[in-house]
K.L.:
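One structure, pasted below without further comment.
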Amino acid sequence: MIQVPIERKVLSENDRVAAVIRSRLEAIGTLTLNFIGSPGAGKTAFLERTLQMLPPGTKAAVLTGDIQTENDAIRLARHGFPVQQITTGGACHLDARMVDSHLWEWRFEEFDYLFIENVGNLVCPTSYDLGEDGKIVVLSVAEGEDKPMKYPGIFRKAELMILNKVDLLPYVPFQPVLACEYARNIKPEIDIIETSSLTGAGFGDWMAWLDRRRITKHNLCLNSPAFA
Ligand SMILES: Nc1nc2c(ncn2[C@@H]2O[C@H](COP(=O)(O)OP(=O)(O)OP(=O)(O)O)[C@@H](O)[C@H]2O)c(=O)[nH]1
Ligand SMILES: [Mg+2]
């Protein structure tokens with residue numbers, strides 16, 4: 001019976017910390033994206049290929065969340081960018097405090113991009129603002145096209161859906177058109193990019209989206225009252 005007020009209190013404390021993170025990241029112009037998807041949807045592989053494709057001189061960093069193990073951080077660190085693993089010790093999502101304490105370790109360095117890989121889960125991470133500019137949902141073709149209908153929360157909050165592992169389409173009964181239709185029923189304006197981290201398909205579109213998103217953020221910042 002007291003569960004709802006306690007949950008509300010936890011979320012409002014989280015929102016307070018997230019707002020502080022957002023204003024700090026805003027001040028240094030870092031575009032921060034929060035990647036959410038089921039376990040095994042391919043979030044780490046997607047970020048690995050993204051790091052490989054960033055233009056020379058780009059300053060990027062990754063925070064990667066898992067319940068246990070440093071496996072993802074080890075994979076991501078191979079690409080020469082700063083990476084920190086956040087192990088939640090049981091929690092099924094990252095929260096703003098966890099992100100804040102790891103950003104302090106980097107002293108809020110001025111990165112162009114901060115990528116946050118959330119704990120593999122389509123539900124819990126959705127409610128937690130981490131101070132990011134946007135959420136990106138990663139759905140793989142091995143999961144079934146009905147997932148936007150079954151887990152609408154994250155598809156409503158995400159600005160982009162990565163439809164991943166499209167190299168597997170010849171082998172699985174998955175209809176991308178239906179998956180996109182279900183996602184757009186939840187959020188008509190959601191962007192969708194089909195990708196394969198194995199073959200690199202769709203990464204040209206993704207890198208262009210990323211670049212556009214950074215420029216949009218930059219322009220928004222320049223037009224904000226703080227810069228007037
Ligand atoms: N065929 C294919 N396999 C992929 C692709 N992307 C990832 N995989 C494989 O899918 C498995 C899971 O990939 P990960 O990148 O570890 O997935 P994840 O979403 O980070 O998983 P968690 O961090 O555990 O939630 C691995 O065996 C990858 O090699 C892809 O585009 N195509
Ligand atoms: Mg991972």
Side-chain angles (χ1 to χ4, degrees), residues 32-54 60-95 98-99 102 113-128 130 132 134-145 147-148 150-151 153-155 157-158 160-176 179-180 183 191-207 209-210:
T32 305
L33 297 169
N34 178 5
F35 290 77
I36 296 175
S38 309
K43 299 177 292 299
T44 308
F46 181 85
L47 286 172
E48 284 189 81
R49 195 174 259 274
T50 301
L51 294 178
Q52 285 167 16
M53 292 183 68
L54 286 172
V62 188
L63 290 177
T64 180
D66 263 316
I67 290 176
Q68 280 183 24
T69 87
E70 302 258 323
N71 292 1
D72 287 359
I74 292 167
R75 284 167 61 189
L76 290 157
R78 287 185 200 132
H79 305 284
F81 292 89
V83 176
Q84 291 190 65
Q85 180 82 47
I86 306 178
T87 32
T88 65
C92 55
H93 58 83
L94 294 177
D95 65 35
M98 297 174 193
V99 170
H102 286 76
Y113 298 107
L114 173 65
F115 301 119
I116 304 176
E117 177 186 352
N118 220 307
V119 178
N121 192 309
L122 269 181
V123 184
C124 311
T126 308
S127 320
Y128 285 81
L130 304 180
E132 74 272 359
K135 289 181 171 59
I136 294 181
V137 61
V138 181
L139 173 68
S140 82
V141 304
E143 293 169 57
E145 57 275 280
K147 293 304 166 287
K150 294 174 83 169
Y151 304 96
I154 181 54
F155 291 87
K157 286 200 174 169
L160 170 66
M161 174 171 98
I162 294 294
L163 186 54
N164 199 28
K165 306 196 189 182
V166 292
D167 58 287
L168 294 179
L169 280 173
Y171 314 105
V172 289
F174 183 96
Q175 298 180 55
C180 295
D191 289 336
I192 299 176
I193 302 177
E194 300 186 9
T195 59
S196 164
S197 306
L198 201 68
T199 67
F203 272 75
D205 289 346
W206 156 240
M207 297 311 286
W209 187 96
L210 190 59

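Each ligand, and each atom within it, is numbered from 1 in the order the structure gives.
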K.L.:
For Gly37 and ligand 1, answer yes if some heavy atom of the residue is under 4.0 Å from a ligand atom, otherwise no.
P.N.:
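No, Gly37 has no heavy atom closer than 4.0 Å to ligand 1.
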K.L.:
What's the shortest distance from atom 3 (N) of ligand 1 to any protein heavy atom, and which residue and atom give it?
P.N.:
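Here the closest protein heavy atom is Lys165 CD, 3.9 Å.
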K.L.:
Working to the nearest 0.5 Å, report the span between CG of Leu160 and CD1 of Ile193.
P.N.:
5.0 Å
K.L.:
Look at the rings of His93 and Tyr128 and say which category their plane angle falls in: under 30° parallel, 30 to 60° tilted, over 60° perpendicular.
P.N.:
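Aromatic pair His93/Tyr128 classed parallel.
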K.L.:
Among protein heavy atoms, which lies nearest atom 13 (O) of ligand 1, and at what distance?
P.N.:
Gly42 CA, 3.8 Å
K.L.:
Hey, are the side chains of Leu130 and Leu94 touching, using non-hydrogen atoms and a 4.5 Å cut-off?
P.N.:
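The answer is yes, as the side chains (C-beta and beyond) meet within the 4.5 Å cut-off.
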K.L.:
Can you tell me how far apart CG (Leu198) and NZ (Lys165) are? Round to the nearest 0.5 Å.
P.N.:
10.0 Å
K.L.:
Only heavy atoms of Pro39, strictly under 4.0 Å: list the atoms of ligand 1 that pass.
P.N.:
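Per the distance check, 25 (O).
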K.L.:
Is it true that Arg75 lies under 4.0 Å from ligand 1, counting heavy atoms only?
P.N.:
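Yes; Arg75 lies near enough to ligand 1 that a heavy-atom distance drops under 4.0 Å.
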K.L.:
Measuring from the Mg ion (ligand 2), name the closest N, O or S atom belonging to Glu117.
P.N.:
OE2
K.L.:
On the 0 to 90° scale, with breaks at 30° and 60°, tag the Phe35-Phe115 ring pair as parallel, tilted or perpendicular.
P.N.:
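Ring orientation of Phe35 relative to Phe115: perpendicular.
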K.L.:
Using distance alone, with no hydrogens and no angle criterion, decide if Glu117 and Thr44 have a side-chain donor and acceptor under 3.5 Å apart.
P.N.:
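The criterion, which ignores hydrogens and geometry beyond distance, is satisfied for Thr44 and Glu117.
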K.L.:
Can you report which non-hydrogen protein atom sits closest to atom 25 (O) of ligand 1, along with the distance?
P.N.:
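Heavy-atom neighbour on the protein nearest atom 25 (O) of ligand 1: Lys43 NZ, 2.8 Å.
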K.L.:
Out of all atoms in ligand 1, which are within 4.0 Å of some heavy atom of Leu168? Include the element for each.
P.N.:
1 (N)
K.L.:
Can you find a protein heavy atom under 4.0 Å from atom 22 (P) of ligand 1?
P.N.:
yes
K.L.:
Which ligand 1 atoms are under 4.0 Å away from a heavy-atom of Leu198?
P.N.:
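Matching atoms, with element in brackets: 1 (N), 30 (C), 31 (O), 32 (N).
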K.L.:
Would you name the N/O/S atom of Asp72 that lies closest to the Mg ion (ligand 2)?
P.N.:
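Going by distance to the Mg ion (ligand 2), the closest N, O or S atom in Asp72 is OD2.
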K.L.:
Heavy atoms of the protein only: does one fall short of 4.0 Å from atom 29 (O) of ligand 1?
P.N.:
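Under 4.0 Å from atom 29 (O) of ligand 1, zero protein heavy atoms found.
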K.L.:
With atoms numbered from 1 as shown, which atoms in ligand 1 lie under 4.0 angstrom from a non-hydrogen atom of Ala45?
P.N.:
6 (N), 7 (C), 15 (O)
K.L.:
Would you check the N or O atoms of Thr195, main chain and side chain alike, for any that come under 3.5 Å of an N or O of ligand 1?
P.N.:
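Looking only at distances, the answer is no, because the N/O contact criterion of under 3.5 Å is not met.
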K.L.:
Please lay out, stage by stage, how Glu132 and Thr32 fare under the test side chain to side chain donor-acceptor pair (under 3.5 Å).
P.N.:
CA-CA 5 Å; Glu132 74 272 359; Thr32 305; over 6 Å; no
K.L.:
So do Ile162 and Ile136 actually touch side chain to side chain, heavy atoms under 4.5 Å?
P.N.:
yes
